[in-house]
J.: 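One structure, pasted below without further comment.
Indexing begins at 1, ligand by ligand and atom by atom, following the structure's order. This one's a predicted model, so the numbers in the text were calculated from it and none came from an experiment.
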Amino acid sequence: MPTPYTEEHELFRKQVRAFAEKELRPNVDAWEKDRTFPNWVFKKAGELGITGAHYPEDVGGGGGDYWFSVVKAEELVRCEAAGVTMALLVQSDMATPCINELGTKEQKEEFLRPALEGDKIAALGVTEPGAGSDVAGIRTTARLVGDEYVIDGAKTYITNGTRADFVTLLVKTDPEAGYGGISILLFPTDTKGFAVSKKLEKIGNHSSDTAELFFDGCRIPKRYLLGEENKGFQYLMQNFQSERLIGSTSALAAAKWGLDRSVAYGKERKAFGKPIMARESWKHTFADLYTKAQAGRTLCYDAVTDFNQERYIDETDISFETVKKIAMCKLFVGDVTTEVMDTCLQFHGGMGYLEELWVARAWRDQRLFRIGGGTSEVMKYMIAKLMGW
Ligand SMILES: Cc1cc2nc3c(=O)[nH]c(=O)nc-3n(C[C@H](O)[C@H](O)[C@H](O)COP(=O)(O)OP(=O)(O)OC[C@H]3O[C@@H](n4cnc5c(N)ncnc54)[C@H](O)[C@@H]3O)c2cc1C
């Protein structure tokens with residue numbers, strides 16, 4: 001399949017790969033054990049221009065198109081810890097795109113630029129204990145009192161939550177108005193009344209931190225409202241597209257890499273006198289999985305082409321057709337990645353079940369993709385809705 005990658009994209013690919021393999025990979029086993037990684041990773045990714053490659057130069061980015069972000073997602077998987085990758089993608093593609101789209105010059109200088117340069121860590125605060133898939137059910141409120149918003153409520157499962165300098169925060173500004181009463185605020189975490197109430201223990205993605213956040217009468221200036229009041233749901237739906245698309249390309253890259261590594265292993269590992277990869281049954285299994293991975297890539301690259309055109313070239317809103325394609329990517333890639341990782345684990349026999357091998361971590365890390373950023377069931381619900389059913 002022809003790709004739109006230029007020499008610049010390929011140079012960037014080399015740079016991200018070197019960062020992942022030389023600076024991250026040697027450390028990730030320790031970080032996984034520690035259940036965290038140091039903040040210099042955000043700083044270094046910012047300094048190298050990895051975080052902001054696809055943002056405009058006037059906000060501290062590299063001025064590239066969306067394919068730079070795809071290259072980044074494809075190469076970061078080589079650090080072999082999806083927790084680190086996810087934390088960096090939250091910073092670059094989940095908590096920040098809406099600031100670039102909607103932010104005032106001052107907001108971009110205060111929040112976006114330092115995030116892209118690695119001086120501030122960002123988190124996206126949407127999910128709550130009582131509302132995940134059903135975003136309109138959030139109960140964190142922001143009341144306008146004079147020139148300040150007063151925020152009360154809680155968020156959960158927030159990636160980068162224990163150390164974020166600011167949260168791109170979804171709140172109810174009109175609790176009676178459902179979807180039409182939601183807004184996005186840029187919330188500095190040094191605000192009085194804010195607390196990280198719990199660091200959550202997960203079955204995978206160990207090196208990323210995931211937190212419950214608590215807001216008790218937190219006051220922030222009105223100028224931290226992003227875009228217009230009560231349009232937050234609409235904004236978030238646009239922002240989700242970037243999150244889902246980059247998540248899909250990252251998960252798919254992890255799956256493809258897992259397949260390549262497994263096949264290489266199977267050519268060496270012998271059982272009953274010949275390499276296990278010489279068995280017809282495994283050849284067919286891998287033929288199926290490579291076909292599914294290729295189908296996933298075609299789906300993703302098609303959606304990226306549209307997204308890049310609409311967001312980076314036309315600078316329009318993302319069309320429903322592209323939203324549908326992105327939901328299809330997330331749904332399909334979620335299933336393919338889960339199947340690939342499970343098969344790779346099985347293919348390695350007892351070794352596959354050991355912590356010391358890459359496959360065990362990849363198996364549990366990638367399982368998240370069918371849940372985070374919108375579950376597979378919600379993707380089906382969206383696709384059906386967008387088909388007019
Ligand atoms: C490791 C991790 C990191 C995360 N990071 C972030 C983050 O940084 N920021 C953030 O805001 N959130 C984050 N999340 C939250 C994540 O996006 C939510 O968990 C996800 O959207 C699902 O919401 P929920 O957990 O409340 O599940 P629920 O909404 O309670 O869903 C429970 C089940 O019901 C199903 N369901 C729901 N609605 C429908 C429907 N209409 N039709 C059929 N089935 C349905 C779901 O598919 C699921 O199987 C993270 C989660 C995890 C686990």
J.: Less than 6.0 angstrom separating the ring centers of Phe307 and Trp67, yes or no?
T.: no

J.: For ligand 1, is any non-hydrogen atom under 4.0 Å from Lys202's backbone (N, CA, C, O), its side chain (CB onward), both, or neither?
T.: side chain

J.: Can an N or O of Ser133 be found at a distance shorter than 3.5 Å from an N or O of ligand 1?
T.: yes

J.: Does ligand 1 have any atom that is closer than 4.0 Å to a heavy atom of Val90?
T.: no

J.: Is there a protein heavy atom at a distance of less than 4.0 Å from atom 50 (C) of ligand 1?
T.: yes

J.: Do Tyr5 and Phe68 make the cut of ring centroids closer than 6.0 angstrom?
T.: no

J.: Strictly less than 4.0 Å: does any protein heavy-atom distance to atom 30 (O) of ligand 1 fall in that range?
T.: no

J.: For ligand 1, which part of Thr375 has a heavy atom less than 4.0 Å away: the side chain, the backbone, both, or neither?
T.: side chain

J.: Indicate whether the side chain of Lys325 and that of Thr322 have a donor and an acceptor atom separated by less than 3.5 Å.
T.: no

J.: For the backbone of Asp342 and the side chain of Gln346, can you confirm whether one donor and one acceptor N or O come within less than 3.5 Å of each other?
T.: no

J.: Using a distance threshold of 4.0 Å (strictly less than), state whether atom 15 (C) of ligand 1 has a protein heavy-atom neighbour.
T.: yes

J.: Any non-hydrogen protein atom below 4.0 Å of atom 11 (O) of ligand 1?
T.: yes

J.: Out of Leu124, Thr159, Leu170, whose heavy atom is nearest to atom 3 (C) of ligand 1?
T.: Thr159

J.: Does the side chain of Gln366 pick up a donor-acceptor pair with the side chain of Thr337 at under 3.5 Å?
T.: no

J.: Give the atoms of ligand 1, by number and element, whose distance to some non-hydrogen atom of Leu368 is under 4.0 Å.
T.: 1 (C), 2 (C), 52 (C), 53 (C)

J.: Can Phe194 be reached from Tyr157 by stepping across I, L, V, M, F, W or Y side chains whose heavy atoms are under 4.5 Å apart?
T.: no

J.: Where's the contact between Asn205 and ligand 1, heavy-atom distance under 4.0 Å: side chain, backbone, both or neither?
T.: neither

J.: Is the distance between the ring centroids of Trp358 and His348 under 6.0 Å?
T.: yes

